[in-house]
Amino acid sequence: MAVLNKIRQRSLFLIIIIALALFSFVLADLFRNSDALSARSQSTVATINGKDIDRDEFIQKVENMQRRMGPNATNTQVMNNVWNQEVRTAVFETQYDKLEISIEKDQMRDLLKGPLSSNPEFLNEAGLFDENKLNEFIANLKAIAPKPGFLGGQPLTYNDWVNYEQQLANNALQQNYFNLVKAGLVGTLAEGELEHQLEGNKVDIKFVQIPYSKVADSSIAVTKSDIEAYIKAHKNEFEVEASRDIKYVEFKETATIEDENAFKATLNNFKSGSAATARQDAIAPFSTVENNEEYINLTAESDLKFDDRFVFKSSLPAQIADSIYNLNNGETYGPYRDGDFFKLTKLIETKQVADSAKVRHILIPFIGSQSSGAPATQTEEQAKTTADSLLTILKRDKSKFPEFVKEFSSDQGSVANEGRYDWHPYGTMVTEFNDFEFNGKVGDIDVVKTVFGFHIVEIEGLTDKKKAVKVGTIARKIEPSENTINAVFRDASNFEIAAAKGDFEEVAKSSNYAVRPVNGVKALDESIPGIGNQRPIVRWAFEEDAEVGDVKRFTISGGYAIAQLVAKNKEGLMAVEDASATVLPKIRKERKAEIIKGQVAANIIEDVATAENTTVRTALAVNMKNPTISGAGKEPLVVGAAFALEEGETSKLIAGEKGVYMVQVTKKTPAVELDNYQSFANRVEIQKSSVVNSKLYDALKEAADIEDNRAKLQIQ
């Protein structure tokens, strides 16, 4: 009981001890996982000048831009575009906040009026912009949100409209900011006078050049410590991001000779026909069938479907064009290889066809037809009635054709040319249009229906006819068989296991696999040379628990890549090995300059030329604005030294860009004094203003505080 009483008396003390122990446990875990200290680190893509970019909003913008840019744009390209926009917006918003500038409601209306003033939806009866119609349109969009309204026939949501207004406001704010900066940049008269003197002050010189090539590179010993010292002395030039070095072996799933022979055997069965077997019905020879489309698409299950068109010899594969073009109807050619396919081709029919035509047309679209300009307002039946009515009139009076094109045609690509498509080759237009123009004769006019609507087409010209052929082709795409794919997988897996246990290079060498090194991979890179877009490999290389020497298999397009992490390079100064290509020439040049200076004892220019077995050269009218020496190139340090000399004075040895120089000034011509330097001051002001457009954002971005978490969050 005495013990229990003591525990009760000290219960508060025990609770505090236990609480402190639990707190220390949790705190230790937080320090092991610093990201857990703040949920913000998990939901923030970046922080720019104190402004957080939300992860979910950023991803939504990436997805929206991906839809706009289409399937050809990679995830990283799209993400970088959005990132650049977000950074630019945030950097400038910091400046707008400091200056307290914004776009007010009346200014926004003026901004909207510009691009919308010619839109018929916002014009009144007098053809003038009506702000009330714009307000009504915006109110309607807001009322039906999130459903879209329509502007110019295109769907538009209220959110789209808000984003459009924001874009206009951002552009206007940016222009206002640029104008404010430019307003503070002036060219003073003193600057104008200096500009005039830089151009107008001239010197004539004599000089001797001792080129650096006189000293052989092999005679200059540069050590690793020399390069390290140079890097440290020029830190700004050699700062690098964190990177990874990897190497990989690629295993490609490519068809073997056995696979290719199997494709050819299959095509030979269609060529000669085959008897019925337990696994398939009898196959008639390709040359004997009449329904070529069914045979090619269904019986043969060709990888390229039947194309019921006539083609000219120039459209056939060049290497076999003569062989196919000279077949008789019903004869076959092949199997033959054409790119990634084995093919068997049959000549079905020949005829004489013009290879080019000239037409004019009027397009009447209907609701549901593919868009080719203005949106359709008529049903299919109404559009057909309109087209037939216009045709009836045109058959009586073709002179009305240009008038009808302007009034009725929706094909904006031809309206400006009176509906005309000048000479174009066979097969250019959609099938129905093409068949009418090339199967008809000059002067024919009729209504033709296509996916775009009803066309009133008149044939204005046809070239002379020549032989065209209709062919049918059974094609098999050359792909690896299942056995080949399984064999590649086994080889890749076996290599992965062996490389993880042994030396990557030696294991690859023992099986004659090519090892490809890739150095300097950045956290946000997506492309690996040789195998293209491979973000999974990059992400793996930057994982915190990935260790140098780790090996991993990745599925890539058409096979596998077995990669090894070779090095983890920290953010900081460039490694000596990477910087040596840049630093070596610079150190050598410095050392060569010292050697040359030490070897030259003369201090008279002619004596230096004699001693160095070279000549004294001249350069006239040299100026500081363009510090170029005739015969030697751009040498700003040498030209600057020349302007510091008096007439007749000779310089000491000067280490220039291409060699060591001695210079003597033979004549100095000062710039003509002017009564007023305003024109030069104006030029300086223009130069400053142009720099604002090209350099201002970069300067603001460099000065901004940007914390980039994209790679850490792996949002792609």
Side-chain angles (χ1 to χ4, degrees), residues 74 76 224 240-265 337 339-342 476-570 574-581 584 711 714:
T74 67
T76 300
K224 182 177 180 179
V240 294
E241 304 174 40
S243 66
R244 301 291 184 266
D245 297 342
I246 65 170
K247 54 188 172 186
Y248 71 90
V249 171
E250 182 182 7
F251 290 82
K252 294 182 179 180
E253 295 175 338
T254 54
T256 63
I257 296 298
E258 291 75 15
D259 295 336
E260 294 186 5
N261 288 336
F263 288 127
K264 288 189 281 188
R337 182 163 187 160
D340 293 332
F341 294 87
F342 275 115
R476 286 284 184 271
K477 186 171 177 59
I478 303 171
E479 295 176 328
S481 65
E482 186 174 346
N483 287 338
T484 298
I485 291 173
N486 291 337
V488 172
F489 177 78
R490 286 194 301 272
D491 291 343
S493 299
N494 291 337
F495 176 77
E496 178 188 12
I497 295 169
K501 294 178 179 178
D503 183 276
F504 194 94
E505 295 275 354
E506 289 300 321
V507 174
K509 185 177 180 181
S510 66
S511 298
N512 292 321
Y513 297 145
V515 177
R516 298 198 58 176
V518 183
N519 297 330
V521 179
K522 305 295 191 302
L524 293 174
D525 286 351
E526 67 175 349
S527 182
I528 301 294
I531 50 177
N533 186 353
Q534 297 298 331
R535 276 296 297 163
I537 297 179
V538 177
R539 284 199 294 265
W540 164 73
F542 278 87
E543 288 175 358
E544 288 187 9
D545 57 355
E547 300 290 341
V548 172
D550 285 357
V551 174
K552 188 172 181 178
R553 181 180 70 241
F554 295 89
T555 300
I556 63 175
S557 178
Y560 306 92
I562 312 301
Q564 182 180 56
L565 181 57
V566 176
K568 301 172 77 170
N569 307 310
K570 295 181 180 180
M574 189 181 294
V576 170
E577 293 76 15
D578 296 330
S580 60
L584 268 175
Q714 294 187 355

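Heavy-atom basis, side chains included; hydrogens, waters and symmetry copies ignored.
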Please round to the nearest 0.5 Å and tell me the distance separating atom [atom1] of [X] and atom [atom2] of [Y].
{"X": "Glu482", "Y": "Glu253", "atom1": "CD", "atom2": "CD", "result": "11.5 Å"}
{"X": "Met574", "Y": "Glu241", "atom1": "CE", "atom2": "CD", "result": "11.0 Å"}
{"X": "Glu543", "Y": "Arg244", "atom1": "CD", "atom2": "CZ", "result": "10.5 Å"}
{"X": "Lys264", "Y": "Arg476", "atom1": "NZ", "atom2": "CZ", "result": "15.0 Å"}

| Got Ile531 and Ile537 here, is their nearest side-chain heavy-atom distance under 4.5 Å? |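 SC-SC contact between Ile531 and Ile537 confirmed.
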Mind listing the side-chain donor-acceptor pairs of residues 497-515 below 3.5 Å, one per line with the distance, residues two or more places apart or on another chain?
unit_1, atom_1, unit_2, atom_2, d
Asp503, OD1, Glu505, N, 3.0
Asp503, OD1, Glu506, N, 2.8
Glu505, OE2, Lys247, NZ, 3.3
Ser510, OG, Val507, O, 2.6

Can you see which heavy atom on [X] is nearest to which on [Y], and at what distance?
{"X": "Ser243", "Y": "Lys522", "value": "CB-CD, 4.2 Å"}
{"X": "Ala541", "Y": "Ala546", "value": "O-CB, 4.3 Å"}
{"X": "Ile528", "Y": "Val538", "value": "CD1-CG2, 4.0 Å"}
{"X": "Tyr248", "Y": "Ala561", "value": "CD1-CB, 4.4 Å"}
{"X": "Ser481", "Y": "Asp259", "value": "OG-OD1, 2.8 Å"}
{"X": "Gly339", "Y": "Ile478", "value": "O-CD1, 4.2 Å"}

| field | Within 6.0 Å of NZ in Lys252, more than 12 heavy atoms from elsewhere | value |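 No, not enclosed.
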| request: Sort out for me which residue in Phe342, Phe263, Phe341 forms a side-chain contact (heavy atoms from CB on, under 4.5 Å) with Lys477. | output: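 Of the listed options, the one satisfying the test is Phe341.
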| Hey, which of Phe251, Phe495, Phe489 is the one that makes ring-ring contact (aromatic ring centres under 6.0 Å, His included) with Tyr560? |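 Answer to the ring-ring contact (aromatic ring centres under 6.0 Å, His included) test with Tyr560 among Phe251, Phe495, Phe489: Phe489.
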| query | Taking the side chain from Arg535 and the backbone from Asp525, do they hold a donor-acceptor pair closer than 3.5 Å? | reply |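 Yes, because the side chain of Arg535 sits within donor-acceptor range (under 3.5 Å) of the backbone of Asp525.
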| field | Polar side-chain atom of Asp245 near backbone of Gly520 as donor-acceptor pair, under 3.5 Å | value |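 Pair found, side chain donor or acceptor close to backbone of Gly520.
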Side-chain donor/acceptor pairs under 3.5 Å, residues 548-559, sequence neighbours excluded:
unit_1, atom_1, unit_2, atom_2, d
Asp550, OD2, Glu547, N, 2.8
Arg553, NH1, Ser493, OG, 3.3
Arg553, NH1, Glu496, OE1, 2.6

